[in-house]
Amino acid sequence: MPGQFRYPISELKQISKKVEDLNIPGILIFGMPEKKDEVGSESYNDKGIVQKAIKAVKDNTDLLVITDICLCQYTSHSHCGLICDEKINNDETLKVLGKIALSHAKAGADIVAPSDMMDGRVGAIRKELDNNSFEDTLIMSYAAKYLSSFYGPFREAAHSAPTFGDRRTYQMESGNILEALREVELDIKEGADIVMVKPALAYLDVIYRVKNKFGMPTAAYNVSGEYAMIKAASKMGWVDEKKIMEETLLSMKRAGADIIISYFALEYASL
Ligand code: PBG
Ligand code: ZN
């Protein structure tokens, strides 16, 4: 997408300094491993790309470092969980997610953010962190994450579109609000410190309902497709990019988001 890049470790110092200088409080790190396999083993390699990135950012800034916890960028099939007989094996996946979270915590992550949508993952990660003396590492769960076509540009950039099937057995059905609220409630019970709604723009009602019902620190993820649409329309000369960006981000805040994760962060903060 215009203005978005995959950074090598060597450029992290410069870009994270820029983020900090603009008073953006934190960053969310995703990794692009050199090799993928059936079980996503590169994800919990203590010398992996994200683990290195965490250290690089921590060494050079005081930024809050959040890391994405999922398997889809590390598995050859690009699903968010382990596959057994063409189906997701939820409970086996939990063990791996715990290992990834611990590996990120050891590297210095302040908050781990599971985006896989397996059932029971927040509890499993909390237990693994606590058992290893990382009680102070927080969990921001992608609690209400919908099956969405707005993730297209991200999947292209991360080479993480599933090679077969789709994510509907683990991500939320778009028309369903009550199940989303149940998912959020479960994550809170399992120990989530921050709950997230994703995508943001087409799900502002979900943000509103979640914030109102639970009163938890609530995050909104302004995803790749939302960013791409505004960029494309403004390039065509159809909308005023700056104004639309501000109005869009404001709508998330108005709906109740305490935290907004956005590809617009640098641009918005520059204003
Ligand atoms: C997968 C993941 C996705 C995004 C981040 N992590 C979506 C998906 O493919 O299910 C999307 C982010 C974006 O579109 O900006 N765990
Ligand atoms: Zn995933």
Side-chain angles (χ1 to χ4, degrees), residues 1-6 27-33 36-40 42-44 49-50 66-83 88-90 92-94 96-97 99-101 104 111-119 121-122 125 139-174 180 183 187 196-203 219-232 245 248-249 252 257 259-267:
M1 299 187 292
Q4 301 300 323
F5 305 93
R6 298 181 308 212
I27 58 165
L28 173 56
I29 299 178
F30 290 87
M32 287 283 295
K36 308 189 186 212
D37 60 27
E38 268 297 291
V39 294
E42 196 49 31
S43 60
Y44 51 85
I49 187 77
V50 169
I66 312 173
T67 57
D68 185 77
I69 305 287
C70 198
L71 280 180
C72 55
Q73 275 144 265
Y74 303 89
T75 47
S76 41
H77 44 74
S78 294
H79 272 289
C80 302
L82 299 176
I83 302 286
I88 300 287
N89 188 328
N90 187 96
E92 283 302 311
T93 304
L94 299 185
V96 186
L97 297 171
K99 283 206 243 180
I100 306 175
H104 289 182
I111 303 181
V112 294
S115 67
D116 51 280
M117 290 299 276
M118 298 301 127
D119 292 330
R121 77 224 197 271
V122 173
I125 289 171
I139 300 176
M140 173 167 79
S141 77
Y142 289 62
K145 176 174 174 180
Y146 282 90
L147 183 78
S148 168
S149 301
F150 282 96
Y151 307 145
F154 173 93
R155 288 184 188 175
E156 198 184 318
H159 303 299
S160 64
T163 54
F164 68 91
D166 54 38
R167 304 211 207 281
R168 74 177 62 246
T169 64
Y170 42 105
Q171 298 186 347
M172 284 287 317
E173 172 72 42
S174 191
E183 290 270 11
D187 282 6
M196 189 206 290
V197 175
K198 175 184 179 181
L201 200 49
Y203 299 85
Y221 195 142
N222 178 211
V223 301
S224 58
E226 300 171 26
Y227 173 87
M229 288 195 308
I230 294 176
K231 284 286 174 186
M245 168 183 71
T248 303
L249 293 173
M252 294 163 201
I259 296 169
I260 299 174
I261 295 151
S262 179
Y263 298 93
F264 281 119
L266 284 173
E267 212 173 314

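Ligands are counted one by one from 1 in listed order, and the atoms in each one are counted from 1 as well.
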For ligand 1, indicate whether the residue Tyr142 contacts it via side chain, backbone, both or neither (heavy-atom separation under 4.0 Å). neither
For atom 5 (C) of ligand 1, tell me which residue out of Met1, Lys198, Glu226 has the closest non-hydrogen atom. Lys198
Test item, Met117 contacting ligand 1 (heavy atom, 4.0 angstrom): no
Check the surroundings of atom CD in Glu156: do more than 12 heavy atoms from other residues, nucleotides or ligands lie under 6.0 Å from it? no
Is Lys145 positioned over the aromatic face of Tyr151, cation under 6.0 angstrom from the ring centre and no more than 45 degrees off axis? yes
Backbone or side-chain N or O of Arg167 under 3.5 Å from ligand 1 N or O: yes
Backbone or side-chain N/O/S of His79 under 2.8 Å of the Zn ion (ligand 2): no
Any luck finding a side-chain donor-acceptor pair between Tyr263 and Glu226 under 3.5 Å? no
Under a 4.0 Å heavy-atom limit, does Cys70 contact ligand 1 with its side chain, its backbone, both, or neither? side chain
Parallel, tilted or perpendicular for Phe154 and Phe30, by the 30°/60° rule? perpendicular
Run the contact test for Phe30 against ligand 1 with a 4.0 Å cut-off on heavy atoms, strictly below, and give the result. yes
Look up atom NZ in Lys198 and atom OG in Ser115, then write down how far apart they are to the nearest 0.5 Å. 5.5 Å
Which atoms of ligand 1 have any heavy atom of Tyr221 under 4.0 Å away? 12 (C), 15 (O)
For atom 9 (O) of ligand 1, what is the nearest protein heavy atom, given as residue, atom name and distance? Arg155 NE, 2.5 Å
Do me a favour and list the nearest non-hydrogen protein atom to atom 16 (N) of ligand 1 with residue, atom name and distance? Ser115 OG, 2.8 Å
Distance from atom 10 (O) of ligand 1 to nearest protein heavy atom, with residue and atom: Gln171 NE2, 2.7 Å
Please list the nearest protein heavy atom to atom 14 (O) of ligand 1 with its residue and the distance rounded to 0.1 Å. Ser224 OG, 2.7 Å
Is it the case that ligand 1 has an N or O less than 3.5 angstrom from some N or O of Asp116? no
Taking only non-hydrogen atoms of Cys72 and a 4.0 Å limit, the atoms of ligand 1 in range are 1 (C), 16 (N)
How are the rings of Tyr146 and Tyr203 set to each other: parallel, tilted or perpendicular (split at 30° and 60°)? parallel
Side chains of Asp119 and Tyr170: do they bring a donor and an acceptor to under 3.5 Å? no
Please work out the angle at the Zn ion (ligand 2) defined by atom SG of Cys70 on one side and atom SG of Cys80 on the other, rounded to 10°. 110°
With a 4.5 Å limit on heavy-atom distance, are the side chains of Met252 and Asn222 in contact? yes
May I ask you to check if ligand 1 and Lys145 share an N or O to N or O distance below 3.5 Å? yes
Which residue owns the protein heavy atom closest to atom 15 (O) of ligand 1, what's the atom, and how far is it? Tyr263 OH, 2.5 Å
is_close_aromatic(Tyr44, His104), centroid dist under 6.0 Å: no
Look only at the side chain of Thr93 and the backbone of Leu82, and say whether a donor-acceptor pair between them is shorter than 3.5 Å. yes
Any salt bridge linking Lys231 with Glu267? Criterion: basic side-chain nitrogen under 4.0 Å from a carboxylate oxygen. yes
Proximal atoms of ligand 1 relative to Val223 (non-hydrogen, under 4.0 Å): 13 (C), 14 (O), 15 (O)
